[in-house]
Amino acid sequence: MSEPLDKPVETIHPDNLPEATKDDFANALVQVVEHSETNDDVSHHIHTPFREVVKMRWITKLIPGIEKLAAEYHIGNFVALRGKNEDFFESMPLYTRIGMHLLFYGKEQVKLLGTKSVENFLREQTEKQGRHFDSPKSAASIPSFVKTYAIQTDELLEPDLTKYKNFNDFFARKLLPDVRPVENKADALGICSAADSRLTVYQTVDLARQFWIKGSDFSIPNLLNVPADSPKVAPFRDASLAIFRLAPADYHRFHSPIDGVIGEIDHVPGQFYTVNPQAVNEKGFNVFTANSRSVLYMTHVETGLPVAFVAIGALLVGSIKWTGGKEKGSTVKRGEELGYFAYGGSTVVTVFPKGVIKFDQDLIQNSKRPIETYVKVGYSIGKTPSGLAKFFSKKFRSAVKKISTT
């Protein structure tokens, strides 16, 4: 939700709340998660917009100084509106701000609440929240979630909120078949958005690291969780990246950006750090390569080249589920469903071999500012240059024919 910027935007750091200890924040996250089990209104705990924190006395008592911080700063991120020369501001939910704060202590390897590492603590709270949102009782929170984020129920395949068996059932809601049409569907070289999300794109990994991903450990081998000399890495030298960040309010099913053949899936266990841009942009944090993730390898029909589709979990994200993406050997069209995330904000990183995609110019310009661009499933994000497609598709068809005759 956009809001007037009558005060500065906070650059998050523990120094901004000098009176609050690491255990104050850890205890606050525990209390916020527990509060969600007893209070059906999500805007009164997990999804309290930070601008509303000053009204929540039980929260301000948990974190010394947070009321003053909320009064003096906007806490959140700018996002560009596509097709318009304007940006809007999204207020950060309370749980994301708490999770971001705790990440700084993870760098220092300190213990929370006496015995727990930051990693184990965030995993524990994520699993606890997931269990609650899988329970039938959690369905009572759906109406307040819809109201808090002004979710368009007329787009839903099931618009009757009472039909959802629990909160996660609604969170992974399906949409009506025609509400996310694929742009330029007739153009076989087109590539589309994989998710309703905030998008950044970079033609090279070096550009991504220059403008957006500041974690020192980021590389394609680390993202895919394979050795640098693995055959899986070879096609992705000088790869292009599309980074789709899903906010809690977004439709959380993800879709194929290409016409492709489904390959194998590698599951990578990991952490549950927030994937908010301020975490991704922080030099000491390696959220994409540290977080729990699942890597689907696809084959791009037009070129025969591999594309890696990396679904990344985050703070309070219970799980990553594959639907169309688990049918190895099957063919999917652009815009067809691959899977979904259970509760929480999350990210998809799509990795394209060099030259397979030329991103749309407006996305390139925004990403270099750098700022995310709001997109929905099916929006154009770029296309494959025709010369490359003809060259590789001829080789691909020849190889397939050779295999089929042996």
Side-chain angles (χ1 to χ4, degrees), residues 103 106-107 109 117-120 122-123 126-127 130 194-195 197 200 202 204-206 208-209 212-246 254 256-258 260-276 279-300 305-323 325-326 328 338-342 344-354 356:
L103 274 182
K107 289 195 299 182
Q109 298 298 306
S117 68
V118 171
E119 291 82 3
N120 288 339
L122 294 179
R123 180 181 294 106
T126 294
E127 291 171 351
S197 57
T200 48
Y202 297 99
T204 68
V205 172
D206 285 347
R209 295 188 65 168
W212 197 250
I213 306 172
K214 302 298 186 179
S216 58
D217 290 345
F218 184 81
S219 68
I220 297 302
N222 287 345
L223 178 67
L224 303 180
N225 195 46
V226 297
D229 59 356
S230 168
K232 291 182 177 179
V233 173
F236 300 115
R237 309 290 182 196
D238 301 319
S240 300
L241 303 177
I243 305 163
F244 303 90
R245 179 178 65 89
L246 289 73
F254 44 81
S256 180
I258 60 171
V261 179
I262 300 297
E264 65 183 39
I265 295 172
D266 290 343
H267 299 290
V268 184
Q271 309 307 328
F272 293 94
Y273 300 143
T274 174
V275 292
N276 186 269
V280 178
N281 299 161
E282 177 67 34
K283 289 183 179 180
F285 301 159
N286 294 289
V287 294
F288 290 160
T289 54
N291 275 18
S292 175
R293 56 200 183 278
S294 194
V295 184
L296 168 65
Y297 292 93
M298 306 176 69
T299 301
H300 184 216
L305 293 172
V307 171
F309 189 101
V310 187
I312 303 174
L315 179 62
L316 302 189
V317 173
S319 57
I320 300 162
K321 304 288 188 182
W322 295 99
T323 53
K326 67 182 179 183
K328 187 174 180 179
L338 294 177
Y340 63 89
F341 292 103
S346 32
T347 291
V348 168
V349 177
T350 307
V351 187
F352 300 94
K354 181 180 180 180
V356 164

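Worth saying up front: this structure is predicted, and the values here are computed from it rather than measured.
Listed by chain and residue number, N222 satisfy the side chain to side chain donor-acceptor pair (under 3.5 Å) test with S219 (two or more places apart in sequence, or in another chain). With sequence neighbours left out, Y202 forms a ring-ring contact (aromatic ring centres under 6.0 Å, His included) with no residue at all. Annotation: side chain to side chain donor-acceptor pair (under 3.5 Å) contacts of T323 (sequence neighbours excluded): E337.
Although no hydrogens or angles enter the test, the distance criterion places no donor-acceptor pair under 3.5 Å between the side chain of D238 and the main chain of T204. Between the side chain of R209 and the backbone N or O of F218 there is at least one donor-acceptor pair closer than 3.5 Å. Remark: the backbone N or O of N286 is not paired with any side-chain donor or acceptor of D217 at under 3.5 angstrom. A donor-acceptor distance shorter than 3.5 angstrom exists from the side chain of N291 to the backbone of Y273, with no hydrogens or angles considered.
When side chains are defined from C-beta on, F236 does not count as touching P221, because their heavy atoms never get closer than 4.5 Å. Looking at heavy atoms from C-beta onward, R245 lies out of side-chain contact with V280 at the 4.5 angstrom threshold. Between K283 and K214 there is a side-chain heavy-atom pair separated by less than 4.5 Å. Counting heavy atoms from C-beta outward, F244 and T347 have side chains that stay 4.5 Å or more apart. With contacts defined as side-chain heavy-atom distances shorter than 4.5 Å, the pair D266/N225 does not qualify. Side-chain contact between V310 and F288 is absent, with no heavy-atom pair separated by less than 4.5 Å. For the pair K328 and E264, the minimum side-chain heavy-atom distance is below 4.5 Å. Side-chain atoms of I262 and L338, non-hydrogen and from C-beta on, do get closer than 4.5 Å to each other.
Taking every heavy atom of both residues into account, V348 and T350 meet most closely at CG1-OG1, 3.8 Å. Minimum interatomic distance between V233 and P227 (heavy atoms only, all atoms of both residues): CG2-O, 3.6 Å. Contact between L246 and A195 at its shortest, heavy atoms only, is CD1-CB, 3.9 Å. Smallest separation of non-hydrogen atoms from I265 and G325: CD1-O, 3.4 Å. The minimum heavy-atom distance between S294 and I320, with the atom names listed, is N-CD1, 4.1 Å. Of all heavy-atom pairs spanning G313 and F341, the tightest one is N-CE2, 4.5 Å.
Taking CG from L224 and NZ from K232, the interatomic distance works out to 8.5 Å, rounded to the nearest 0.5 Å. Summarising the geometry, atom CG belonging to L122 is positioned 7.0 Å from atom CG belonging to L103; distances are rounded to the nearest 0.5 Å. Going from atom CE of M298 over to atom CG of L305 covers 13.5 Å, rounded to the nearest 0.5 Å. Between the CD atom in Q271 and the OG1 atom in T126 there is a gap of 10.0 Å [rounded to 0.5 Å].
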Side chain to side chain contact (heavy atoms under 4.5 Å, CB included) between I243 and I213, intermediate numbers included
CA-CA 10 Å; I243 305 163; I213 306 172; 3.7 Å; yes

Where do I220 and L241 land on the side chain to side chain contact (heavy atoms under 4.5 Å, CB included) test, with the steps shown first?
CA-CA 10 Å; I220 297 302; L241 303 177; 3.9 Å; yes

Would you please test L223 and I312 for side chain to side chain contact (heavy atoms under 4.5 Å, CB included) and show each step?
CA-CA 10 Å; L223 178 67; I312 303 174; 4.3 Å; yes

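Ring orientation note: the planes of F309 and F254 are tilted relative to one another, at an angle of 30° to 60°.
Other residues, nucleotides and ligands contribute at most 12 non-hydrogen atoms within 6.0 Å of the NZ atom of K321.
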